[in-house]
Amino acid sequence: MNSTILIIEDNELNLELATALLEAAGFAVLQARCAEIGLRLARAALPDLILMDLSLPGIDGLAATRNLKADPAMHHVPVIALTVHSMRRDARIIADAGCDGYLTKPINTRTFPGQVRASLNKHAACLAEGAAA
Ligand code: MN
C-alpha cells in the first residue's frame, strides 16, 4: 500500500506543488489548510507522515505538533516541519516542539519526494529497532 502523507499548509501554491510532487512519486496525499482541520484529519486517517507548515492561521505548526506528540495515539506519526527559516535557533525550537525533522521552503522540486521517502524510511528503521529491543 502506498504511504499516505498529510500536508498541513495554508499557502495554496506550496500545498499544490508539494501535493503534485508527492502524488507523482506514488504517495497518497491528504491536504489541510489549517492546523484545526489537519489535527482532525490526522486522527481520522492516521497518515504515515505529516508535513507541517509552521506558520499557519489560528493554531500554528509548533502548537499543532505539540498537540499530536502529547497524544499516545498519534505521537508515533513522524512530523516534518516545513519552514522558511533555517537558522540553528529555529532547528532547536522545531526539535523541542517534537518535530522529527524539517525541510526548508521553497522546497527543491527535484529532491523533495526523496527527502520525504528518506524521512519515512528513517522513522520505520527507528520503530523496528525499538520493537527489537
Ligand atoms: Mn504558512
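First listed ligand is number 1; within each ligand, the first listed atom is number 1. Nothing fancy with the numbering, it's 1 onward along the sequence.
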Looking at side-chain heavy atoms only, is the closest gap between [X] and [Y] below 4.5 Å?
| X | Y | result |
| --- | --- | --- |
| N11 | D53 | no |
| V79 | C99 | yes |
| L82 | L103 | yes |
| M74 | L46 | yes |

Salt bridge (Lys or Arg N to Asp or Glu O under 4.0 Å) pairs touching residues 67-81, sequence neighbours excluded, are R43-D71, K69-D100
Report the residue from R33, Q31, K105 that forms a side-chain hydrogen bond (donor to acceptor under 3.5 Å, both in side chains) with E9.
K105
Ignoring waters, how many N, O or S atoms from the protein are under 2.8 Å from the Mn ion (ligand 1)?
3
